[in-house]
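Everything below concerns the one structure shown next.
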Amino acid sequence: MEHPGYPEDEEIEAVRNIDPSKFLDGAELLLELFESTGYGSGHITRFRGKARLYISTGGWSGCEELISAVNKFWWLMYWQRTERGGHYVFEGPR
């Protein structure tokens, strides 16, 4: 029995396949998927040619699975910080 709001296999695969050269596209996809679970949340801010993605897992395992599926190159290029409680910040070009 699946958990309501738990990410589908196709969504996990889409996160794995985020193109690291397209930060804003990946950020928008992650935000959409996090919010669609009903547990995660976040927002994107835009400033001086950059964009910053703030997302929170809410400690829920479905969101934790999404964040762990993010492409390692995307992590290396854009990760800024992680805070206790499942809060992540990524920053890249718009």
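Because only heavy atoms are used, hydrogens play no part in the values below, and waters and symmetry mates are left out as well, while side chains stay in.
Under the 4.5 Å side-chain heavy-atom criterion for grouping Ile, Leu, Val, Met, Phe, Trp and Tyr, Y54 is not connected to Y39 through any hydrophobic cluster.
When all heavy atoms of I67 and E64 are compared, the closest pair comes out as CG2-O, 3.2 Å. When all heavy atoms are compared, the tightest approach of I18 to G26 is CG2-CA, 3.7 Å. Closest approach of P7 and G62 over heavy atoms only: CG-O, 3.4 Å. For the residue pair A69 and V15, the shortest heavy atom distance occurs at C-CG1, 3.7 Å.
At a threshold of 4.5 Å between non-hydrogen side-chain atoms, the residues K50 and F23 do not count as touching.
Judged as a salt bridge (Lys or Arg N to Asp or Glu O under 4.0 Å), and not counting sequence neighbours, the contacts of R81 are E83. With sequence neighbours excluded, the residues satisfying side-chain hydrogen bond (donor to acceptor under 3.5 Å, both in side chains) with D19 are S21. Taking the salt bridge (Lys or Arg N to Asp or Glu O under 4.0 Å) definition, one finds that K22 meets it with nothing, sequence neighbours left out.
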Evaluate I55 against L66 for side chain to side chain contact (heavy atoms under 4.5 Å, CB included), listing each step before the verdict. CA-CA 11 Å; I55 51 176; L66 284 171; over 6 Å; no
Just distance, no hydrogens or angles: give the donor-acceptor pairs under 3.5 Å from side chains in residues 27-36, sequence neighbours left out.
{"residue": "E28", "atom": "OE2", "partner": "R46", "partner atom": "NH2", "Å": "3.1"}
{"residue": "S36", "atom": "OG", "partner": "L33", "partner atom": "O", "Å": "2.8"}

For a quick test of your reading: what N or O donor-acceptor pairs under 3.5 Å do the side chains of residues 70-78 make, sequence neighbours left out?
{"residue": "N71", "atom": "OD1", "partner": "F73", "partner atom": "N", "Å": "2.7"}
{"residue": "N71", "atom": "OD1", "partner": "W74", "partner atom": "N", "Å": "3.4"}
{"residue": "Y78", "atom": "OH", "partner": "P20", "partner atom": "O", "Å": "2.5"}

For residues 87-94, run the donor-acceptor check on the side chains, cut-off 3.5 Å, and write out each pair with its distance to 0.1 Å, sequence neighbours left out.
{"residue": "H87", "atom": "ND1", "partner": "S56", "partner atom": "OG", "Å": "2.6"}
{"residue": "E91", "atom": "OE1", "partner": "R52", "partner atom": "NE", "Å": "2.8"}
{"residue": "E91", "atom": "OE1", "partner": "R52", "partner atom": "NH2", "Å": "2.4"}

